[in-house]
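Everything numeric here is computed off the predicted structure, so don't read it as measured data.
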Amino acid sequence: MPSLKDLKNRIDSVKSTQKITKAMQMVAAAKLRRAQESAEAARPYAERMGAVLASLAAVYDGQSDAPVLLGGNGKDQVHLLIVATGERGLAGGFNSSIARLARDHANKLIAAGKTVKFLTVGRKGHDILKRQFADKIIETVSYREVKNIGFAQASEISQKVQALFAAGEFDVATLFYAKFNSVISQEPTAIQIIPAKIERVEGQGEAAASTVIYEYEPSEEAIVEDLLPRNISVQVFRAMLENSASFYGAQMSAMDNATRNAGEMIGKLQLSYNRQRQAQITKELIEIISGAEAL
């Protein structure tokens, strides 16, 4: 049984931890609002970019001369998995859930005889994946010192990926991140960005198609050639913003749980301390009474 001094030290230690987790929860809550607004603001732009590309890409249906970023290089052997996670931990299962989705996807590809390579964005993703895929991680990008992630960082990653593709380092690229739904819900997501996996625009029937005619200047082909590299940057930027909001949401939730758990532990330790202190006082009283009776 721990002594009263040990119990007192443990209570003080847990109280100090509780103060830290409470402070981290408040910081995460303050940062979450801005990160959430940025993520939600980027969604319509990214979705509209996809819609425009879907409309323009129709010109290449059934043709073999589609841009390589749209139609691919005709191979499906080497896959690059771009895994975007956080730079820090203490966010519950946020980082591990993204890494798990990427790991499961990699294992399926390897089982199918494919070659897998990783490009990790964020230190935590690298730390998790290197345990199993250390020899397959070709590069790690970290922005730990960057206070606010911007489009410049997304463009840098996009340029790295396109340079690797142009050099023939991979055939298919898939981006992994966590989509922010709410403070308690972050959804691990995977999207194929090379070749661009474009969803056809729905809700545009024959009537709409017959009454609306678009004229493009320059040509559709020229616009697609320009938008495809830009789309990669946009999708990476959106993923980074979604990750930022998801991280703070997960951290806020995790720190709230940790604060409440610390409170429960303090209550149990305080109860043990009080009981032991009461037993000690009772023992001392018995000894005093017994000594008095002996006299």
With the side chain counted from C-beta on, respond yes when [X] and [Y] share a heavy-atom pair under 4.5 Å apart, and no when they do not.
| X | Y | result |
| --- | --- | --- |
| E156 | Y143 | yes |
| I98 | V83 | yes |
| V224 | L228 | yes |
| V172 | P195 | yes |
| R103 | K108 | no |
| L164 | L119 | yes |
| Q270 | Y273 | yes |
| I82 | F176 | no |

Look at the side chain of [X] and the backbone N and O of [Y], then say whether any donor-acceptor pair between them is shorter than 3.5 Å.
| X | Y | value |
| --- | --- | --- |
| N231 | I193 | no |
| S233 | S155 | no |
| S97 | F94 | yes |
| T189 | E187 | yes |
| K117 | E169 | yes |
| T21 | T17 | yes |

Taking every non-hydrogen atom, the tightest pair across I232 and L69: CD1-CD2, 4.2 Å
Test: [X] and [Y] ion pair at under 4.0 Å:
| X | Y | result |
| --- | --- | --- |
| K22 | D256 | no |
| K8 | D12 | yes |
| E264 | R260 | no |
| E87 | K124 | no |
| R100 | D104 | no |

Start with the C-alpha distance between F133 and I110, add both sets of side-chain angles, then the distance that settles side chain to side chain contact (heavy atoms under 4.5 Å, CB included), and finish with yes or no. CA-CA 11 Å; F133 303 107; I110 293 172; 4.0 Å; yes
Is the number of heavy atoms from other residues, nucleotides or ligands within 6.0 Å of [atom1] ([X]) greater than 12?
| X | atom1 | answer |
| --- | --- | --- |
| K114 | NZ | yes |
| I184 | CD1 | no |
| R230 | CZ | no |
| M265 | CE | no |

Should E242 and S246 be marked as a side-chain hydrogen bond (donor to acceptor under 3.5 Å, both in side chains) after you check the CA-CA gap, both sets of side-chain angles, and the distance that decides it? CA-CA 6 Å; E242 294 279 354; S246 295; 5.1 Å; no
Stepwise, does the side chain to side chain contact (heavy atoms under 4.5 Å, CB included) test hold for I191 with K197? CA-CA 8 Å; I191 59 170; K197 200 165 187 178; over 6 Å; no
Does either side chain, that of Q132 or that of N107, offer a donor lying less than 3.5 Å from an acceptor on the other one? yes
If we count only N and O atoms by modelled type, under 3.5 Å, do the side chains of Q278 and N274 hold a donor and an acceptor together?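 No, no side-chain donor-acceptor contact under 3.5 Å.
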Run the numbers on Q36 and E40 for side-chain hydrogen bond (donor to acceptor under 3.5 Å, both in side chains), then give the verdict. CA-CA 6 Å; Q36 181 179 352; E40 291 176 347; 3.1 Å; yes
Same cluster for L241 and V161 if Ile/Leu/Val/Met/Phe/Trp/Tyr side chains link at under 4.5 Å? yes
Is there a path of hydrophobic side-chain contacts, each under 4.5 Å between heavy atoms, that joins L109 and I194? no
Inter-residue atom distance R277.CZ - T282.OG1, 0.5 Å rounding: 10.0 Å
Parallel, tilted or perpendicular: which describes the rings of F151 and F237, with under 30° parallel and over 60° perpendicular? perpendicular
Quick one: sort the F170 and F165 rings into parallel, tilted or perpendicular, breaks at 30° and 60°.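 Correct class here is tilted.
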H79 and T115: side chain to side chain contact (heavy atoms under 4.5 Å, CB included), yes or no, with the steps? CA-CA 6 Å; H79 288 250; T115 300; over 6 Å; no
